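Presented below is the structure to which this report refers.
Labels below follow one simple rule: chain letters A, B, ... track the order of the sequence lines, proteins then strands, and each chain is numbered from 1. Quick caveat, the model's predicted, so the values are computed rather than measured. The analysis underlying the following values was restricted to heavy atoms, covering all of them including side chains, and did not include hydrogens, waters or symmetry mates.
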2 protein chains.
Amino acid sequence: MSVDETRTAPRMKAADRRELILAAATAVFGAKSYVGTTTDEVARAAGVSQPYVVRLFGTKAKLYTAVIERAYARIIEDFRRALPGPPEGRRDRMATAYAALLEERGMLPVIANSTALGGDPELGPVARAGFNSVWRFVRDEAEFSEQETRDFMANGMLINAIVGLRLVGAYGTEAAVTEMLDSCLPGAGDRVRGLLPAADEPW
Amino acid sequence: MSVDETRTAPRMKAADRRELILAAATAVFGAKSYVGTTTDEVARAAGVSQPYVVRLFGTKAKLYTAVIERAYARIIEDFRRALPGPPEGRRDRMATAYAALLEERGMLPVIANSTALGGDPELGPVARAGFNSVWRFVRDEAEFSEQETRDFMANGMLINAIVGLRLVGAYGTEAAVTEMLDSCLPGAGDRVRGLLPAADEPW
DNA sequence: TTGACATGTTATCAGTCGATTACTACTCTC
DNA sequence: GAGAGTAGTAATCGACTGATAACATGTCAA
């Protein structure tokens, strides 16, 4: 070979490698769902060997748990950053922050899919905790009313469904979908392209 | 044994057996999700052998496809039955019809989970078609405005998330969940108990 | 009643995939 | 510079599970 192939991944502090793997795992899990993804795919996406992924996180379920927790933490973080400013624009700023997550590979699909995980003994509690933390934030920290909270969350769940169903692929080509996205996601139009993890995903 | 065990399942027309298996599969898939369920579990729930399930439906994915299609068809059917009557009560009647699906074992979880299936090459198109058919019905046949449609669907997706997350288990015990369910599901309070497929589901 | 088709079973396989084991190599401190 | 801890790999296993093959039994028309 003319290319100087590195046999093993370049050395890295375990904490950094963890974060790198989490980001890769988010993209892959987001694209192919929990069960549809193998630890080997995650490993290859992260540029390390499959056993190393397992050893760093213990089990596949624990890895996914970490992915979910990281995703929800990220949402809360973004929401919190959207709080300061005129109160009447708060809701829109938060919605925009949510829409902006679309650009983070896999982040939104992971969250969207997490709402279907309640039945899993191990992942269920984590998903519930994540959902609950968002609800609490909106209600307590952002100080939405009960009604506003419900509407905000409902709208978010609709976005999740659209993402989970991969309806974004039909944006621009099917009227109903375009209409839907435009009315759900502020400023989605420009972002929506190049949205979900590419490759082996047939629309 | 004192009990007279039947060695093989009693004879039945294949069409009836199909429906029986579909109902059983809905309950099991609804409780444990697509990947979390084995064809053997479905078979045992339906009282037949595992190979027979596979042979009747071809593959596990095709079985699940049939389950999803049956569930969405059922929704549309129930919605359509809720149409006649005073127009101002239409939305509430449809919401009630949706809530009533809670009593059909697995029906709502299956639908809820289907919105996370877009990434699957085989199940994705089916899930999208189901979602789209509901949207179309609400918009065209029930004649909701664009705004009303979005709100109605969003509320439905919130219900789906609550169901998918198995939050109903906390109804009555946690204030946020009780508040949520009561405001999402008309008359949910009385129905909500004995809701999701029992047994091996740890809350 | 017979034979052809439909309904069902038991036994078994083959691929997949998460996990384990045993080993290598880098790096950093003392 | 030695050696101990850390970062990583290759090889392999064992269990699960969807699918297939081969076979058995019931049903019904002519």
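Side-chain nitrogen and oxygen atoms of A:Arg17 include at least one within less than 4.0 Å of the OP1 or OP2 phosphate oxygen of D:dG8. Close to C:dG18, at under 4.0 Å from its OP1 or OP2, lies a side-chain N or O of A:Thr39. Between B:Tyr52 and the phosphate of C:dT9, there is no side-chain N or O to OP1/OP2 separation shorter than 4.0 Å.
With salt bridges taken as basic N to acidic carboxylate O contacts below 4.0 Å, one links B:Glu77 and B:Arg81. With respect to A:Glu104 and A:Arg74, a salt bridge is recorded, a charged nitrogen being found less than 4.0 Å from a carboxylate O.
Applying the 3.5 Å distance criterion, the base of C:dT7 shares a donor-acceptor pair with the side chain of B:Arg11.
Residue B:Leu63 contributes atom CG, which lies 12 Å from atom C1' of D:dG18 at whole-angstrom precision. Rounded to whole Å, atom P of C:dG8 lies 17 Å from atom CG of B:Asp40. Distance, B:Arg55 CZ to C:dA11 P: 17 Å, rounded to whole Å. Between the C1' atom of C:dC28 and the NZ atom of A:Lys13 lies a distance of 11 Å, rounded to the nearest Å.
For the pairing with A:Phe152, the ring-ring contact (aromatic ring centres under 6.0 Å, His included) check across A:Phe137, A:Tyr98, A:Trp135, A:Phe79 returns one residue only, A:Phe79.
When heavy atoms are screened at a 4.0 angstrom cut-off, A:Thr38 is found touching the sugar-phosphate backbone but no base atom.
For the pair A:Lys60 and A:Phe29, the NZ or CZ position fails the cation-pi test of under 6.0 Å to the six-membered ring centre and within 45 degrees of the ring normal.
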